[in-house]
Amino acid sequence: MKVPFLDLHAQYDPIIDDIREAIEQVIQTHQYIMGPQVEQLEAAIADYCGCRYAVGCSSGTDALLLALSAHDIGKGDEVITTSFTFFATASTIYRVGAKPVFVDIDPRTFNISPAEIEKAITPKTKAIIAVHLFGQPADMDSIMKIAKKHDLIVIEDNAQGIGAKYGDKYAGTIGDVGTLSFFPAKNLGAMGDAGMCLTNNEELAGKLKLLRVHGENPKYYHNWVGFNSRLDTLQAAILLVKLKHLDRWNKMRQENAAYYNEHLADIEEIELPYVKPGITPIYNQYTLLAEDRDALLEYLRAKDIGCAVYYPQPLHLQPCFALLNYKAGDLPVCEEISARVISIPIYSELSQAQLDYVIAEIRSFYQKERT
Ligand SMILES: *Cc1c(COP(=O)(O)O)cnc(C)c1O
């Protein structure tokens, strides 16, 4: 038996004819830049997430860059974020010239700790980037309360959480702006790079639309130094086909997670993902805390089970951020968690036999260890 970490063949096989037709329609018009499918996708995603505006762009990373730039965040500003996230959450803060201020996480949800945000606020703090890690929304009530009190901008890095809910709201629509990534491994993935910004603020949406095309308005006249960060028409056409399946795919991930939860619960050496009441996660990852993590990883890979560690090194300890002067021990929770996490296959198309195989092999690894 083989269980890949993600199986794009299984995802695409049932819909490939619809995808080919959507691509063919773009070819017939040759409108590769800002063709009508881009606006159609923006409208469809805004409608899906229940927000007023969606602005397509070229990646989840660029969505963060645009969100920061649209708020004029740059030199002299500090942006508070989690150290336990994908690199782009912080690299974009650095890229616009601002200082990433890393804070620790909640040990159960792995999301940014509101209490730690409050401690890190200085007169230079301009914004907070909350990440909905692995598809579970962060504690947005507390974060919005802090932001209001200190007059801070809130950006939700929702690259991993499209379709997840915080109460009755969709992740990415609660702060000033939410960002999405359509990287192929996300729950809604393109056939290449693509991203989007979500907002309810009309003025901000307008600025994001200008910034993604060099800040020009009208053409060849520039009020801002923007980017070339458009969403490809081809990717928009593909995503329009796939968006129709997103709820079903997310539900299948939730069912896989429920099955793991039930059948892994008795293994003492692992802790199952914790979900806060009122939250509907969409399991971009299903991440365990495991004793002897590295040995388990090696064992499962030898059994042809794809696994991954998100993330092995928190961002405050990355060599490129040495100039920020963090040291080991500064953020003890995320440092400990990064040594214990392991993500196991959770993609929608996993078969019953594959789920059972993963469960059996985790069980047998710890049984062998105990004897
Ligand atoms: C994937 C991801 C990004 C970056 O998205 P890209 O589309 O790959 O640029 C940013 N933040 C988080 C948390 C991500 O998981």
Side-chain angles (χ1 to χ4, degrees), residues 5-6 8 41 45 54-69 79-96 100 102-103 105-106 109-112 127-138 140 143 154-164 171-172 175 177-198 208 212 227-232 234-236 238-239 242 250 253 281-287 308-316 318 320-321 334 337-338 341 343 346-347:
F5 190 59
L6 179 66
L8 289 182
L41 180 70
I45 298 264
V55 179
C57 64
S58 60
S59 70
T61 303
D62 272 23
L64 289 163
L65 265 184
L66 288 164
L68 289 160
S69 304
V79 179
I80 296 172
T81 194
T82 164
S83 183
F84 193 59
T85 177
F86 179 62
F87 182 62
T89 312
S91 68
T92 49
I93 299 170
Y94 189 83
R95 273 283 152 236
V96 298
F102 294 112
V103 300
I105 55 171
D106 178 296
T109 65
F110 313 147
N111 278 323
I112 193 165
I128 300 164
I129 303 186
V131 180
H132 305 315
L133 199 72
F134 305 147
Q136 162 152 231
M140 290 309 292
I143 292 167
V154 176
I155 297 171
E156 297 174 71
D157 181 346
N158 194 35
Q160 301 180 5
I162 186 166
V177 51
T179 62
L180 298 174
S181 165
F182 304 118
F183 183 81
K186 310 292 180 173
N187 285 33
L188 180 62
M191 290 174 133
D193 281 309
M196 200 166 274
C197 291
L198 308 175
L208 289 164
R212 77 174 164 187
F227 308 89
N228 174 1
S229 186
R230 292 167 295 231
L231 174 64
D232 274 6
L234 275 169
Q235 299 304 342
I238 291 159
L239 288 164
K242 294 185 75 181
N250 280 347
R253 284 174 182 260
I282 48 92
Y283 294 99
N284 181 244
Q285 301 301 341
Y286 181 90
T287 302
V309 172
Y310 300 118
Y311 296 91
Q313 169 130 296
L315 299 186
H316 68 288
Q318 296 290 343
C320 66
F321 291 136
C334 70
I337 296 289
S338 64
V341 280
S343 301
I346 190 68
Y347 62 88

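Throughout, numbering of the chain's residues begins at 1 and tracks the sequence. What you see below is based on every heavy atom in this structure, not just the backbone, and it leaves out hydrogens, waters and symmetry mates. First listed ligand is number 1; within each ligand, the first listed atom is number 1. Since this is a predicted model, take the numbers as computed values, not measurements.
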Visitor: So is His132 touching ligand 1 or not, going by heavy atoms under 4.0 Å?
Guide: no
Visitor: Say you draw a straight line from CG of Asn187 to NZ of Lys242; how long is it, rounded to the nearest 0.5 Å?
Guide: 10.0 Å
Visitor: For the atom pair OG (Ser181) and CG (Asn158), what is the distance rounded to the nearest 0.5 Å?
Guide: 10.0 Å
Visitor: Which residue is it: Leu66, Leu231, Asp193? I am looking for the one with a side-chain contact (heavy atoms from CB on, under 4.5 Å) to Cys57.
Guide: Leu66
Visitor: Just which atoms of ligand 1 are under 4.0 Å from any heavy atom in Ala159?
Guide: 2 (C), 3 (C), 10 (C), 11 (N), 12 (C), 14 (C), 15 (O)
Visitor: Check the pair Ile162, Lys186 against side-chain contact (heavy atoms from CB on, under 4.5 Å), reporting the backbone distance first and the verdict last.
Guide: CA-CA 9 Å; Ile162 186 166; Lys186 310 292 180 173; over 6 Å; no
Visitor: Among all protein heavy atoms, pick the one closest to atom 11 (N) of ligand 1 and tell me residue, atom and distance.
Guide: Asp157 OD2, 2.7 Å
Visitor: Between Ser59 and ligand 1, find which residue part has any heavy-atom pair under 4.0 Å and reply side chain, backbone, both or neither.
Guide: both
Visitor: Report the nearest protein non-hydrogen atom to atom 5 (O) of ligand 1: residue, atom name, distance rounded to 0.1 Å.
Guide: Ser181 OG, 3.3 Å
Visitor: Once rounded to the nearest 0.5 Å, what's the spacing between atom CD1 of Ile112 and atom OG1 of Thr85?
Guide: 9.5 Å
Visitor: Out of all atoms in ligand 1, which are within 4.0 Å of some heavy atom of Val131? Include the element for each.
Guide: 13 (C)
Visitor: Any N or O of Asp193 that comes nearer than 3.5 Å to an N or O of ligand 1?
Guide: no
Visitor: One residue to check: Thr85. Relative to ligand 1, which of side chain, backbone, both or neither has a non-hydrogen atom less than 4.0 Å away?
Guide: side chain
Visitor: Do me a favour and list the nearest non-hydrogen protein atom to atom 3 (C) of ligand 1 with residue, atom name and distance?
Guide: Phe86 CD2, 3.5 Å
Visitor: Report the C-alpha separation of Leu188 and Ile45 in whole Å, then their side-chain angles, then the decisive distance to 0.1 Å, and conclude whether the side-chain contact (heavy atoms from CB on, under 4.5 Å) test is met.
Guide: CA-CA 11 Å; Leu188 180 62; Ile45 298 264; 4.0 Å; yes
Visitor: Distance to 0.1 Å, residue and atom name: give those for the protein heavy atom nearest to atom 14 (C) of ligand 1.
Guide: Lys186 NZ, 3.0 Å
Visitor: If the plane angle is over 60° it's perpendicular, under 30° parallel, otherwise tilted; pick one for Tyr311 and Phe86.
Guide: tilted
Visitor: Could you tell me whether Gly60 and ligand 1 have an N or O pair separated by under 3.5 Å?
Guide: yes
Visitor: Roughly how far, to the nearest 0.5 Å, is the OG atom of Ser58 from the CG atom of Asn228?
Guide: 7.0 Å
Visitor: So which bit of Thr61 gets within less than 4.0 Å of ligand 1, heavy atoms only: side chain, backbone, both or neither?
Guide: both
Visitor: Could you list which atoms of ligand 1 come closer than 4.0 Å to a heavy atom of Gln160?
Guide: 13 (C), 14 (C), 15 (O)
Visitor: Relative to each other, are the rings of Phe321 and Phe102 parallel, tilted or perpendicular (30° and 60° limits)?
Guide: tilted
